[in-house]
Engineer: 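Before I ask anything, let me first share the structure, which is written out below as structure tokens.
Only this structure's heavy atoms are used, side chains among them; waters, hydrogens and symmetry mates stay out. Nothing here was measured: the structure is a model prediction, and the numbers come from that model.
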Amino acid sequence: MKKIVKFLAITTAVIGVSLASRVSASAKTTYQYSYTCDNGGVPYFTRTAKVSNGGVLWNTKHTKKIGNMKDYPYSRWLVKKVYTKKRNSKVVGYYYYVKNQNNKKQGLVWSGYLNKALAQTPNQFKSDAKYLNYIQKVDSQRLTRAILKLFPNTQVSVKLSSLTANGYIGKTPGYTKVVNLGKLPSSSGTIATSLWDTSAQPVKSRVEKFERQLSEAGYSSSIRSKMTSGRLGIYIADDVNLSTSTRRGLPTKTDGEGRTTVYTIVYGIPTRD
């Protein structure tokens with residue numbers, strides 16, 4: 001009787017191992033190239049909260065870890081290619097082949113670790129408060145936030161921002177003495193040109209140069225702190241996509257063609273609010 005029980009136990013164990021092997025073999029996961037994004041790629045930002053405890057960057061075969069997204073919490077990336085993750089031939093996720101801004105880090109990363117870099121135009125907002133809330137919260141507005149700190153006592157006007165969003169000052173009903181700060185000359189060229197030449201690069205050094213140029217043009221920190229009676233019109237799309245022309249989530253093949261760059265900063269005195 002003992003021998004029979006032992007034989008049955010061994011037989012059961014063998015069957016269990018066999019079934020486990022078959023399940024393991026059938027649950028095959030692959031990472032397959034799908035398509036390349038046009039115009040050099042589509043801009044995304046690290047989804048910082050998601051990568052705080054991880055976020056592996058892989059080689060293109062997804063066999064070797066080559067980095068970790070938590071080491072790049074505020075980085076901008078260009079999604080160059082899209083890969084499909086499949087299990088048992090069914091799509092279960094997407095991965096992006098990405099490069100960061102200076103091309104020093106690149107690899108394959110899960111799509112959930114990134115947010116598409118999207119900007120909205122001022123005329124999409126109904127009030128100063130809603131426009132300012134957007135500026136304060138959205139990844140694509142980091143440069144805008146840094147610039148606004150140079151004008152600590154000046155209120156942002158969504159109306160003035162909308163009227164001058166194309167970078168030119170035409171008719172500005174409700175405002176007078178409008179100055180296009182981006183067109184002010186300095187020893188190193190106009191401000192907007194300098195921003196354009198450093199498009200999508202890290203914010204800190206760009207804003208430091210911006211501040212130097214403002215001072216050279218007669219807008220020192222002491223002058224700017226007294227600019228309380230006027231309003232700022234500001235619209236910055238720092239090599240991003242517009243939310244009106246591209247969907248959230250996965251990039252389409254042609255999303256890279258819709259990348260937009262705009263730097264408009266003006267100051268005007270309201271004739272009425």
Engineer: How close do Tyr267 and Gly230 get, heavy atom to heavy atom, and via which atoms?
Structural biologist: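 The answer is OH-N, 3.0 Å.
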Engineer: Are the side chains of Tyr263 and Leu143 in contact, using a 4.5 Å heavy-atom criterion?
Structural biologist: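 Side chain of Leu143 against side chain of Tyr263, heavy atoms only: contact under 4.5 Å found.
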Engineer: So do the side chains of Ser157 and Leu232 get within less than 4.5 Å of each other, counting heavy atoms only?
Structural biologist: no
Engineer: Is there a side-chain contact between Ile223 and Leu214, using heavy atoms and a 4.5 Å cut-off?
Structural biologist: no
Engineer: Taking the side chain from Asp139 and the backbone from Asn115, do they hold a donor-acceptor pair closer than 3.5 Å?
Structural biologist: no
Engineer: Taking Phe45 as the starting point, is it possible to reach Val262 by hopping between hydrophobic residues whose side chains are less than 4.5 Å apart?
Structural biologist: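 The answer is no; the residues belong to distinct hydrophobic clusters.
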Engineer: With side chains defined as the heavy atoms from C-beta onward, is the minimum distance between Lys159 and Pro270 less than 4.5 Å?
Structural biologist: no
Engineer: Rounded to the nearest 0.5 Å, how far does CG of Asp238 lie from OG1 of Thr260?
Structural biologist: 11.5 Å
Engineer: List in chain and number order the residues that pass ring-ring contact (aromatic ring centres under 6.0 Å, His included) with Tyr96, two or more places apart in sequence or in another chain; answer none if no residue qualifies.
Structural biologist: Tyr44
Engineer: What residues, two or more places apart in sequence or in another chain, satisfy side chain to side chain donor-acceptor pair (under 3.5 Å) together with Ser222?
Structural biologist: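 Ser222 satisfies side chain to side chain donor-acceptor pair (under 3.5 Å) with Ser220 once adjacent residues are dropped.
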Engineer: Spell out, as yes or no, whether a donor-acceptor pair under 3.5 Å connects the side chain of Ser127 to the backbone of Lys130.
Structural biologist: yes
Engineer: Is there side-chain contact between Leu181 and Phe151, with heavy atoms separated by less than 4.5 Å?
Structural biologist: yes
Engineer: For Tyr113, give me all partners under ring-ring contact (aromatic ring centres under 6.0 Å, His included), at least two apart in sequence or on another chain.
Structural biologist: Trp110
Engineer: Under the salt bridge (charged side-chain N to carboxylate O under 4.0 Å, His left out) definition, can you give me all pairs with a residue in residues 52-77, not counting sequence neighbours?
Structural biologist: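 Residue pairs with at least one partner in residues 52-77: Arg76-Asp239.
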Engineer: Determine the minimum heavy-atom distance between Pro251 and Val82, stating which atoms define it.
Structural biologist: CG-CG2, 3.8 Å
Engineer: Spell out, as yes or no, whether a donor-acceptor pair under 3.5 Å connects the side chain of Asn180 to the backbone of Gly167.
Structural biologist: yes
Engineer: Count I, L, V, M, F, W, Y as connected when their side-chain heavy atoms are under 4.5 Å apart, and connections chain through other members. Are Ile147 and Val240 then in the same cluster?
Structural biologist: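 Shared cluster, no.
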Engineer: Please give me the minimum heavy-atom distance between Ser161 and Tyr131, naming the atom from each residue.
Structural biologist: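 Answer, listing the atom of Ser161 first, then Tyr131: OG-CE2, 3.6 Å.
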Engineer: Tell me, please, which residues at least two apart from Glu208 pass side chain to side chain donor-acceptor pair (under 3.5 Å).
Structural biologist: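 If we apply the side chain to side chain donor-acceptor pair (under 3.5 Å) test to Glu208, skipping adjacent residues, the hits are Lys204.
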Engineer: State the CG-CD distance between Leu57 and Gln106, to the nearest 0.5 angstrom.
Structural biologist: 9.0 Å
Engineer: Carefully, step by step, assess Val92 and Thr29 under the rule side chain to side chain contact (heavy atoms under 4.5 Å, CB included).
Structural biologist: CA-CA 9 Å; Val92 295; Thr29 300; 5.7 Å; no
Engineer: Just to verify, what does Thr198 make a side chain to side chain donor-acceptor pair (under 3.5 Å) with, not counting sequence neighbours?
Structural biologist: Arg206
Engineer: A side-chain contact here means heavy atoms from C-beta on lying under 4.5 Å apart; do Asp255 and Lys116 qualify?
Structural biologist: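 Answer yes - side chains close enough.
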Engineer: Which pairs with one or both residues in residues 53-80 pass ring pair (Phe, Tyr, Trp, His ring centres under 6.0 Å), sequence neighbours excluded?
Structural biologist: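 Found Tyr31-His62, Trp58-His62, His62-Tyr95, Tyr72-Trp77.
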Engineer: For the atom pair CD1 (Ile269) and OG1 (Thr176), what is the distance rounded to the nearest 0.5 Å?
Structural biologist: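 Between Ile269 CD1 and Thr176 OG1, I get 8.0 Å after rounding to 0.5 Å.
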Engineer: For Val138, give me all partners under side chain to side chain contact (heavy atoms under 4.5 Å, CB included), at least two apart in sequence or on another chain.
Structural biologist: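 Testing Val138 for side chain to side chain contact (heavy atoms under 4.5 Å, CB included), a comparison that skips the adjacent residues, returns Tyr134, Ser140, Gln141.
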Engineer: For Lys253, which residues count as a salt bridge (Lys or Arg N to Asp or Glu O under 4.0 Å) partner, sequence neighbours excluded?
Structural biologist: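 Salt bridge (Lys or Arg N to Asp or Glu O under 4.0 Å) list for Lys253, sorted by chain: Asp38.
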Engineer: Going from NZ on Lys105 to CD1 on Ile66, what distance comes out if it is rounded to the nearest 0.5 angstrom?
Structural biologist: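 Reported to 0.5 Å precision, the distance equals 6.0 Å.
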Engineer: If only atom types and distance count, is the side chain of Lys81 paired as donor or acceptor with the main-chain N or O of Leu108 below 3.5 Å?
Structural biologist: no
Engineer: Rounded to the nearest 0.5 Å, what separation is found between the CG atom of Asn123 and the CD atom of Gln120?
Structural biologist: 10.0 Å
Engineer: Report yes or no: does Thr261 contribute a side-chain atom to a donor-acceptor pair with the main-chain N or O of Arg259 at less than 3.5 Å?
Structural biologist: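 Pair absent, no side-chain N/O of Thr261 close to backbone of Arg259.
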Engineer: When you measure from the side chain of Arg145 to the backbone N and O of Ile135, does any donor-acceptor pair fall under 3.5 Å?
Structural biologist: yes
Engineer: Find out if a path of hydrophobic residues (ILVMFWY) with successive side-chain heavy-atom gaps under 4.5 Å connects Val51 to Leu78.
Structural biologist: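 No, Val51 does not connect to Leu78 through the hydrophobic network.
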Engineer: Between Thr164 (side chain only) and Ile169 (backbone N and O only), is there a donor and an acceptor less than 3.5 Å apart?
Structural biologist: no
Engineer: Find out if a path of hydrophobic residues (ILVMFWY) with successive side-chain heavy-atom gaps under 4.5 Å connects Ile265 to Val156.
Structural biologist: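 Result: yes, single cluster for both.
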Engineer: Do Asp197 and Ser194 have side-chain atoms, one donor and one acceptor, less than 3.5 Å apart?
Structural biologist: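 On atom types as modelled, these side chains do not qualify, holding no pair under 3.5 Å.
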Engineer: Does the distance from a Lys or Arg side-chain N to an Asp or Glu carboxylate O, for Asp128 and Arg231, drop under 4.0 Å?
Structural biologist: no
Engineer: Using side-chain heavy atoms (C-beta onward) and a distance below 4.5 Å, is Leu132 in contact with Leu148?
Structural biologist: yes
Engineer: Under a plain distance cut-off of 3.5 Å, with no hydrogens placed, do Ser34 and Thr84 share a side-chain donor-acceptor pair?
Structural biologist: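 Yes, a side-chain donor-acceptor pair sits under 3.5 Å.
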Engineer: Which heavy-atom pair separates Tyr35 from Thr252 by the least distance, and what is that distance?
Structural biologist: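 Nearest pair, atom of Tyr35 first, then Thr252: CE1-C, 4.1 Å.
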Engineer: Donor-acceptor pair, distance only, cut-off 3.5 Å: does the side chain of Asn241 make one with the backbone of Leu118?
Structural biologist: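 No, Asn241 side chain to Leu118 backbone: no donor-acceptor pair under 3.5 Å.
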Engineer: Find the distance between CG (Leu150) and CE (Met227) and round it off to the nearest 0.5 Å.
Structural biologist: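 One gets 11.0 Å once the value is rounded to the nearest 0.5 Å.
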Engineer: I'd like to know if the side chain of Gln136 and the backbone of Asn133 have a donor-acceptor N/O pair within less than 3.5 Å.
Structural biologist: no
Engineer: Looking at residues at least two apart in the chain, or sitting in another chain, which of them share a side chain to side chain donor-acceptor pair (under 3.5 Å) with Thr36?
Structural biologist: Tyr33
Engineer: Using side chain to side chain contact (heavy atoms under 4.5 Å, CB included) as the criterion, list what pairs up with Ser225, not counting sequence neighbours.
Structural biologist: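 Partners of Ser225 by the side chain to side chain contact (heavy atoms under 4.5 Å, CB included) criterion, ordered by chain and then number, come out as Asn153.
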Engineer: Applying salt bridge (charged side-chain N to carboxylate O under 4.0 Å, His left out), which residue pairs with at least one partner in residues 213-224 are found, sequence neighbours left out?
Structural biologist: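 Pairs touching residues 213-224 that pass the test: Glu211-Arg224.
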Engineer: Taking the side chain as everything from C-beta on, heavy atoms only, tell me whether Tyr219 gets closer than 4.5 Å to Ile191.
Structural biologist: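 They are not in side-chain contact.
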Engineer: Let's go through Val91 and Lys86 carefully: what are the C-alpha distance in whole Å and the side-chain angles of both, what is the deciding distance for side chain to side chain contact (heavy atoms under 4.5 Å, CB included) to 0.1 Å, and is it a yes or a no?
Structural biologist: CA-CA 4 Å; Val91 176; Lys86 292 184 177 181; 4.0 Å; yes
Engineer: When you look at NZ of Lys85, are more than 12 heavy atoms from neighbouring residues, nucleotides or ligands closer to it than 6.0 Å?
Structural biologist: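 Above 12, so yes.
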